Amino acid sequence: MNNYFVILAAGKSKRFHKKIAKQFYNYKNKEIIDHSITKSLNSKLFKKILIVANNLNHLKRKKYPKTINIIKGGKERSDSSLIALKYLQKYKPRNVFIHDAARPNFSIKLLKKISKSLKKNKAVVPITFSKDSIKYKIKDQIFNLNKNSLLLTQTPQAFRFKDLYNLAINEKNKVSDEATLFINNNIKIKFITGENKNNKITYFNDVETSKTYFGIGFDIHKLIKNKSLYLGGVKIPFHSGLKGHSDGDVILHAIIDAILGATSKKDIGTYFPNTKKFKNIRSPKMLKPIIENLYKSNFFINNLDINLICEQPKVSKYRNKIINSISSLTTLNTDQINLKGKTVEKLGLIGKEKAIACEVIISITKYD
Ligand code: ZN
């Protein structure tokens with residue numbers, strides 16, 4: 001094993017963000033560059049990993065293992081690549097992998113595939129095909145290109161060190177990747193299937209991920225005679241119903257409060273005060289505008305977990321009905337809704353069937 005891994009991280013990433021250096025942006029729990037470092041280390045394929053960057057102070061503050069060297073890069077990508085090759089010469093590498101830090105999503109499997117292929121080839125480059133149709137413009141004329149004959153070259157690209165070194169020091173022009181050197185000099189490259197997920201992060205919205213929030217809701221209503229019992233929008237035969245300005249549906253009220261909690265929108269009383277307007281309102285009518293607003297703001301519910309706290313009625317008997325009702329009110333699938341029944345060992349008001357309580361936790365995600 002005489003492989004060396006070069007990570008090019010000296011780019012200014014102007015298209016990414018005015019102030020943030022792309023390679024050090026936090027993405028999937030670590031800096032973009034650290035994904036490449038961790039994977040190259042874990043692959044155990046490399047004697048040394050060489051980072052070429054311009055922000056050396058930032059990197060030197062981090063505690064990397066000894067197999068990692070950090071050097072200063074050049075102005076353009078091809079300058080940094082050449083600086084790396086000159087630096088590595090003293091180690092007499094057999095193979096060198098060149099990789100852009102802006103591609104954090106390659107797999108270790110791909111590294112191994114490249115390494116294997118390099119035993120028989122001088123240059124191995126992973127490629128993918130364009131998902132978009134491509135047109136080509138010359139002056140005012142537009143031509144169609146057959147996208148299946150277009151190869152999109154990715155990194156890591158791997159080469160016999162000597163060959164790449166000789167091509168790189170003799171190249172006068174700035175090249176956008178090492179494969180270009182081989183192609184310009186008519187030297188055969190072995191193209192292997194790359195990974196679609198191994199996209200180059202270029203724009204800030206390439207790394208913007210969705211955000212998930214949680215909300216909690218709680219409600220309790222007194223049970224009184226001569227009122228219908230509604231739970232989760234379902235009318236349930238029972239000796240009493242829930243007292244309240246509305247129909248007293250503790251499940252739907254707790255769901256509303258959980259949603260308002262997750263979106264930082266105060267509480268149910270803010271939207272449905274005890275005024276004449278809402279006297280005897282059915283709770284599905286209260287939930288409806290709350291759900292509509294939630295979806296309008298690009299939030300999606302991941303799941304609802306509900307504890308219904310009562311001695312009677314038995315939740316197991318009505319579970320499916322209640323879940324189906326909540327499913328149609330929220331447009332959630334039934335497997336996103338869980339309903340648990342909890343008795344209180346006949347203790348207190350709930351134990352004496354004088355009240356029913358409910359607590360709900362919700363997880364929601366916002367997409368842009
Ligand atoms: Zn209530």
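Here the structure is a predicted model, which means the values were calculated and not measured. Counting starts at 1 for both ligands and their atoms, following the listed order.
The Zn ion (ligand 1) has no N, O or S atom of D249 inside 2.8 Å of it.
Per residue H221, closest N, O or S atom to the Zn ion (ligand 1): atom name NE2. Note on H253: its N/O/S atom closest to the Zn ion (ligand 1) is ND1. Within D219, OD2 is the N, O or S atom that lies nearest to the Zn ion (ligand 1).
In this pair, F5 and F46 present their aromatic rings tilted. The plane angle is within the 30 to 60° band.
Using a cut-off of 4.0 Å between Lys/Arg side-chain N and Asp/Glu carboxylate O, K342 and E311 are scored as not salt-bridged. Between K200 and D206 no salt bridge is recorded (no basic side-chain N to carboxylate O distance below 4.0 Å). At a threshold of 4.0 Å, the pair D305-K340 counts as salt-bridged, since one of the basic side-chain nitrogens sits closer than that to a carboxylate oxygen.
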